[in-house]
Amino acid sequence: MISAKSDFLHTVIGRGFLHQCTDEAGLDAALSNPPLTAYTGFDCTANSLHVGSLVPIMLLRLLQRHGHKPIVLIGGGTTRVGDPSGKEETRQLLDDAQIARNIEGVRKVFERFLTFGKEPTDAIMVDNADWLLKLDYIAFLREFGCHFSVNRMLGFDSVKLRLEREQNLSFLEFNYMVLQAYDFLELSRRFNCSLQMGGSDQWGNIISGVDLGRRMDERALFGLTSPLITTASGAKMGKTTQGAVWLNEEQLSAFDYWQFWRNAEDDDVGRFLRLFTDLELDEIARLEKLKGSEINEAKKILATEATALCRGREAAEAARETACQTFEQGKTAEGLPCFPIPRDELESGIPAFEVLCRTELAASNGEARRLIKGGGARINKQVATSETQAVTLRDITDEGIIKVSAGKKRYALIRVVD
């Protein structure tokens, strides 16, 4: 690893973002003459990104903060193919209408993290459908297919692992690497983009693009990857027992997003502060030295700073206050996720396991039943004694709500609607 001279690469290394780079010295030199243009691609397989996408988003943010120009490439074209990287089976193919809806949801994420506009270092967002959907297949094969070695493609992890495990890899997916490489070439021609960034599972796709730029245009392109993030216990980043931790407010409340970070493992706090907040490294070094119960203060700072970036400072502070009232002061805080339930349903009563599902405290009836059997579910602070225990109008408190909890850290409110 080189001793980076450029501010951006120095920060990338210092905060733990660097996994691999095609040419560190060459990239460092190119970064010393800003602005350099770089991109990361995001396919639209859902109507929101989740925290597993935060590392490349934060990389784009760092790039812009250090005087360079980020490109957000929306995969309106490549989503129609499906990236096999890191997948054990073929992705579900989406129709055009679903992809269009997903694109609109994904676009919203970046407005919090990047500054868009017409200045030299302002971010831009482009869609690879603009060029991929216009390709003539035979002409494309003749012009670009000769620059890809099937022997080499079979050696990349995204392909090799599927074949070694005898898991099906369709010809459609096999084309993904070629299309991503072509994206890089197209962006270099259209926007003078010379750097592609992504997760370590994208290494093969990225270096294919670097190689294509050299072969076609004799152009020096660069690739940089970040490690795929897992928690200290080895769990995949962004996945919980309740499902994905979505970045859009429509999919996950600011309170639940704050709680996700607040519940980080002790050994992850310093690393997550470096990767997912803008705090200075000196302050992070102080916080990660905290031990015992004091580490909880560092976790609250992590949760608040990470939430402020994704949902805004006001929402982050409100989530922190809600958590304080709920967990430390024993109050019923208005900021808790709230779910309306019709009065007539509560008149006849709703089974406790169903209430847990409807308030999104359990992902399935089976999970809800297991939680209740284990004594981990409460209705208004009283342990639910039976899976079928009826939650009724009699459970409404003087505050006009019913408070439901799962474990010690997840709460929701029920409000009665006529």
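- Counting only distance, with no hydrogens or angles, the side chain of D95 and the backbone of A97 share a donor-acceptor pair below 3.5 Å.
- By the 6.0 Å contact criterion, NE2 on H10 is open, its count of non-hydrogen atoms from other residues, nucleotides or ligands being 12 or less.
- A salt bridge does not link R112 with E249: none of the charged nitrogens is closer than 4.0 Å to a carboxylate oxygen.
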Subject >> Verdict with reasoning, Q196 to Q180, per side chain to side chain donor-acceptor pair (under 3.5 Å) >> reply: CA-CA 10 Å; Q196 181 182 176; Q180 184 169 327; 2.8 Å; yes

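- Panel note: side chain D28, backbone A4; no donor-acceptor pair is recorded below 3.5 Å.
- Formation of a donor-acceptor pair under 3.5 Å by the R219 side chain with backbone atoms of S188 is found in this model.
- Checked options E317, R320, R311; the residue passing with W258 is R320 (criterion: side chain to side chain contact (heavy atoms under 4.5 Å, CB included)).
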**OP:** Would you check, one step at a time, whether the test side chain to side chain donor-acceptor pair (under 3.5 Å) holds for T11 with H66?
**Re:** CA-CA 9 Å; T11 302; H66 284 88; 3.1 Å; yes

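- Under 3.5 Å, the side chains of E354 and N365 contain no donor-acceptor pair of N or O atoms.
- T307 places no side-chain N or O within donor-acceptor distance of the main-chain N or O of T304, the cut-off being under 3.5 Å.
- Taking the six-membered ring for Trp, F191 and Y39 have ring centres at least 6.0 Å apart.
- Judged by distance alone, the side chain of D268 and the main-chain N or O of A232 form a donor-acceptor pair under 3.5 Å.
- Side chains of N248 and Y257: a donor-acceptor N/O pair is absent below 3.5 angstrom, by distance only.
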**OP:** Please assess F42 against F110 for the test ring pair (Phe, Tyr, Trp, His ring centres under 6.0 Å), listing each intermediate value before the final yes or no.
**Re:** CA-CA 11 Å; F42 300 87; F110 298 95; 4.9 Å; yes

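- N47 places no side-chain N or O within donor-acceptor distance of the main-chain N or O of N102, the cut-off being under 3.5 Å.
- Checked for salt-bridge contact, E186 and R190 meet the test: a charged N lies under 4.0 Å from a carboxylate O.
- Classification of R107 and E104 as a salt-bridged pair holds, one side-chain N sitting under 4.0 Å from a carboxylate O.
- D23 places a side-chain N or O within donor-acceptor distance of the main-chain N or O of G26, the cut-off being under 3.5 Å.
- Here E250 pairs with K108 in a salt bridge; the nearest charged N to carboxylate O distance falls below 4.0 Å.
- Residues D122 and Q64 come closest through the heavy atom pair CA-NE2, 3.6 Å.
- Closest of all the heavy-atom pairs between I414 and V355 is CD1-CG1, 3.7 Å.
- No donor-acceptor pair under 3.5 Å is formed between the side chain of T225 and the backbone N or O of W203.
- Between F144 and F140, the angle of the ring planes lies from 30° to 60°, which puts this pair in the tilted group.
- Of all heavy-atom pairs spanning G204 and S208, the tightest one is O-OG, 2.9 Å.
- The CG atom of N128 sits 4.5 Å away from atom CG of L73, with the distance rounded to the nearest 0.5 Å.
- The heavy-atom pair separating A298 from V269 by the smallest distance is CB-CG1, 3.8 Å.
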**OP:** Verify side chain to side chain donor-acceptor pair (under 3.5 Å) between Q259 and R262, making sure each step is shown before the conclusion.
**Re:** CA-CA 5 Å; Q259 278 295 115; R262 169 62 180 82; 5.9 Å; no

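- Rounding to the nearest 0.5 angstrom, the gap separating the CH2 atom in W261 from the CD atom in E305 is 12.5 Å.
- Classification of the W246-H50 ring pair by plane angle, with boundaries at 30° and 60°, yields perpendicular.
- Around the CG atom of D130, the shell of radius 6.0 Å holds more than 12 heavy atoms that belong to other residues, nucleotides or ligands.
- Only one option out of I124, L60, L63, L36 pairs with K69 in a side chain to side chain contact (heavy atoms under 4.5 Å, CB included); it is I124.
- Residues A362 and E367 share a closest heavy-atom pair of CA-OE2, 3.6 Å.
- Without hydrogens or angle criteria, T22 side chain to F222 main chain gives no donor-acceptor distance under 3.5 Å.
- Here the SG-CD1 distance, from C21 to I206, works out to 10.0 Å after rounding to the nearest 0.5 Å.
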**OP:** Let me see the working for L49 and I57 under side chain to side chain contact (heavy atoms under 4.5 Å, CB included), right down to the final yes or no.
**Re:** CA-CA 10 Å; L49 299 175; I57 293 174; 4.0 Å; yes

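- Side-chain atoms of D43 and T78 include a donor-acceptor pair closer than 3.5 Å.
- D266 and K299 get closest at one heavy-atom pair: OD1-NZ, 2.6 Å.
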